[in-house]
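This report concerns only the one structure given below.
Remember, predicted model here, so these are calculated numbers, not experimental data. Note on naming: letters A, B, ... go to the chains in the order of the sequence lines (proteins, then strands), and numbering restarts at 1 for each one. FYI, side chains are in, hydrogens and waters are out, and symmetry mates aren't considered; it's all heavy atoms of this structure.
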Protein chains: 2
Amino acid sequence: MFNLATIYDIAKEAKVSTTTVSRALNNHSSVNHKTRKKIIELAEKHGYQPNSKAKSLATKKSWSLGVLLIDDSDSGLNHTLFANIINSISKTASKRGYELTFLSKNLARSTVSYLEHANYRGFDGVIVANTNINDPHVNELIKNVKFIACIDQNHSNAICVNYKNRDGMEMTLNHLFSKGYRNVIYIHGQLDNYVTQERLIGFKETAKELNIERKCKYIEGEYTSPQKAYDITRRIIKEGLPDAIVYSDDYCASGGLRCLREHGINVPKDVAIMGYDGVEISSLITPSLTTIYQDTDRIGEVVTENLINSIENNRSHGYIIELPVSLILGETT
Amino acid sequence: MFNLATIYDIAKEAKVSTTTVSRALNNHSSVNHKTRKKIIELAEKHGYQPNSKAKSLATKKSWSLGVLLIDDSDSGLNHTLFANIINSISKTASKRGYELTFLSKNLARSTVSYLEHANYRGFDGVIVANTNINDPHVNELIKNVKFIACIDQNHSNAICVNYKNRDGMEMTLNHLFSKGYRNVIYIHGQLDNYVTQERLIGFKETAKELNIERKCKYIEGEYTSPQKAYDITRRIIKEGLPDAIVYSDDYCASGGLRCLREHGINVPKDVAIMGYDGVEISSLITPSLTTIYQDTDRIGEVVTENLINSIENNRSHGYIIELPVSLILGETT
DNA sequence: CTGTTAGCGCTTTCAC
DNA sequence: GTGAAAGCGCTAACAG
């Protein structure tokens with residue numbers, strides 16, 4: 001880029017001080033109408049743009065938000081649910097005038113922690129969207145950043161916007177039960193993950209209420225993927241089919257579905273299956289998935305609005321917002 | 001965040017000047033070994049982090065890249081292909097020490113053009129990933145930013161990293177021809193789009209070579225989506241099936257597939273179909289799609305590495321890199 | 001209504 | 001090997 005005009009150039013040409021230029025350009029009331037007009041004209045003539053660094057340096061406000069997505073595996077934006085959420089966060093941030101920047105562990109020529117990146121950059125706030133709970137850097141970040149919001153996490157000092165994970169599993173199991181399925185296998189995510197824990201609680205409590213605890217089985221999918229789900233499903237087929245299989249997300253369910261079909265097993269006649277998330281693919285595959293819909297537009301909007309409000313009101317304290325989920329009836333149950 | 005330690009605090013405590021602290025922390029050779037050691041220790045003790053704005057202001061280097069994704073529709077990160085590409089761009093940028101920030105038309109309390117955002121922010125470079133070609137702001141941006149790279153675009157002053165779109169359609173049509181399909185309908189994207197234009201050229205040239213020009217038909221899908229593709233497919237069914245239908249992307253193909261199935265039409269026996277992109281869904285639906293695979297990891301890496309290299313070597317001139325595509329054989333042809 | 005001055009935190013001549 | 005001083009571009013008392 002070329003050398004851009006500064007406030008000095010304009011001040012000189014308008015024969016006023018930089019203060020006046022600054023005031024005119026920032027809509028301070030106390031500027032003579034004519035002076036203001038002249039300054040604004042000159043600014044346009046020169047295509048003047050303020051310099052964000054100088055401005056932030058002076059005001060201590062960056063108009064930028066950091067967002068943390070796990071970055072050391074492929075589960076960042078490649079997971080549709082999170083891509084959709086980030087899309088919504090980005091839109092909402094933009095609507096409020098904030099930029100969105102990804103947090104990272106590499107900066108210039110060195111390796112840093114997320115907290116160091118955040119401090120270096122001076123974000124006005126940070127959103128933790130999807131992350132590896134075992135990374136101590138994530139905890140350090142959440143504990144030490146003043147304006148912080150999380151999705152599907154549990155931290156007392158952060159704004160936590162979570163889906164009602166327990167409700168989701170309650171709906172799942174009640175639905176299966178109402179359709180007559182009793183023996184259910186739940187292929188869940190990693191146990192050290194908050195979401196998994198909540199869903200398991202929801203599942204187990206409902207199983208107890210329905211009095212089918214004994215008929216339910218759990219398999220930890222660890223790192224889940226369509227292929228992994230495919231493999232687990234094959235094992236299940238060998239060991240004997242249950243009435244229904246619940247997968248940790250729609251992608252896994254689609255992998256499982258493919259396996260079942262390849263083995264000539266009819267869904268839902270021979271076995272029912274359910275996904276989770278309600279991302280686009282759930283309605284595009286055949287048979288379409290019965291799944292739990294999580295509104296990604298809504299969660300992105302809520303988490304971003306709440307964070308920005310807390311920044312602009314300068315009130316930082318943790319609280320929880322829970323967002324409802326709903327069941328989408330597909331052809332697999 | 002709390003008040004972070006500055007270079008002044010460290011200088012005072014170490015009883016040296018800020019100059020020396022700066023030098024020590026930036027690995028300048030001309031600092032006494034002992035002094036440097038003391039400074040580094042103090043920096044660690046205070047959890048010192050430089051302030052990016054002050055640093056950029058002084059050095060005119062921001063270590064940050066802007067990325068432009070269309071933001072006034074839902075086609076940003078909600079389109080899997082682009083989510084995958086952004087994921088790769090983000091990873092590569094991070095690997096090289098650069099942050100990634102989304103370009104936007106809203107900044108602080110006002111509306112700006114993309115160029116104004118870029119100038120304001122002082123990005124070291126900008127990547128145009130997916131965009132509305134009709135937006136004059138995009139052209140303005142591309143023409144006026146010094147270090148600029150684009151994906152699947154055609155601009156003489158930018159680094160353009162493109163997929164071989166013509167090849168893709170050549171493969172498509174040759175494949176269909178070799179399987180015996182002659183009457184082909186191509187539901188393509190918007191005509192004012194560079195990618196669409198290239199693919200159409202590839203398609204038509206191949207049709208001519210194969211001498212089936214007369215048997216081919218084109219339908220402009222305008223804004224394409226599974227639903228839109230579904231509707232168009234229904235129209236096609238009414239008007240009479242061709243031998244094969246080529247959709248503009250895998251999502252559309254899946255929408256079309258659903259329509260065909262619902263009308264009791266067998267794919268590929270009654271009609272063959274093909275998608276484009278080779279995103280995950282193409283292999284998850286049944287029948288799996290025959291499609292053209294575009295390597296998203298690769299394109300993100302190439303475009304980012306090239307842009308950063310041009311920045312760091314301070315050589316800005318436009319050139320084109322073309323990336324190969326390949327055919328994935330699915331069950332729909 | 002406008003200008004002077006100092007300062008945000010860091011780098012970089014230039015001199016010693 | 002180290003420091004003084006000026007500057008990056010902008011804002012914010014304070015004074016008038």
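Applying the 4.0 Å criterion to OP1 and OP2 of C/dC8, one finds that B/K53 has every side-chain N and O outside that range. An OP1 or OP2 oxygen of C/dC1 is reached within less than 4.0 angstrom by no side-chain nitrogen or oxygen of A/T20. At the phosphate of C/dC8, neither OP1 nor OP2 sits under 4.0 Å from any side-chain N or O atom of B/N51. Residue A/T59 places none of its side-chain N or O atoms closer than 4.0 Å to OP1 or OP2 of D/dT11. For the pair B/S17 and D/dG3, the criterion of a side-chain N or O lying under 4.0 Å from OP1 or OP2 is met.
Here A/Y120 lies out of heavy-atom contact (under 4.0 Å) with every strand. Across all strands, B/S56 comes closer than 4.0 Å to no nucleic acid atom at all (heavy-atom distances). Across all strands shown, B/V21 has no heavy atoms under 4.0 Å from either base or sugar-phosphate atoms.
Using a 30° and 60° split on the angle between ring planes, A/H137 and A/Y114 fall in the perpendicular class, above 60°. Between B/F82 and B/H79, the two ring planes are perpendicular [angle over 60°; tilted spans 30° to 60°].
You won't find any donor-acceptor pair under 3.5 Å spanning the side chain of B/S30 and the base of D/dT2, going by distance alone. Interface remark: the A/T19 side chain does form a donor-acceptor pair with the D/dA12 base, using a distance-only criterion of under 3.5 Å.
Along DNA chain D, the nucleotide nearest B/A54 and the nucleotide nearest B/R23 are compared for position; the residue whose nucleotide lies closer to the 5' end is B/R23. When each of A/T18 and B/Y8 is assigned the nucleotide of DNA chain D bearing its nearest heavy atom, the one mapping closer to the 5' terminus is B/Y8.
Rounded to an integer number of Å, the gap from B/H46 NE2 to C/dG9 P is 15 Å. Summarising the geometry, the separation between CD1 on B/I10 and C1' on C/dC10 is reported as 12 Å, rounded to the nearest angstrom. Separating the CG atom of A/N27 from the C1' atom of C/dC1 is a distance of 16 Å, rounded to the nearest angstrom.
To the nearest 0.5 Å, the span separating OH on A/Y98 from OG on A/S62 amounts to 8.0 Å.
Residue B/K60 places its side chain closer to D/dC8 than to any other of D/dG3, D/dT2, D/dC8. When each of C/dT2, C/dG9, D/dA4 is scored by its nearest atom to the side-chain atoms of B/L57, the top-ranked nucleotide is C/dG9.
The number of heavy atoms from other shown groups lying within 6.0 Å of NZ (B/K37) does not exceed 12.
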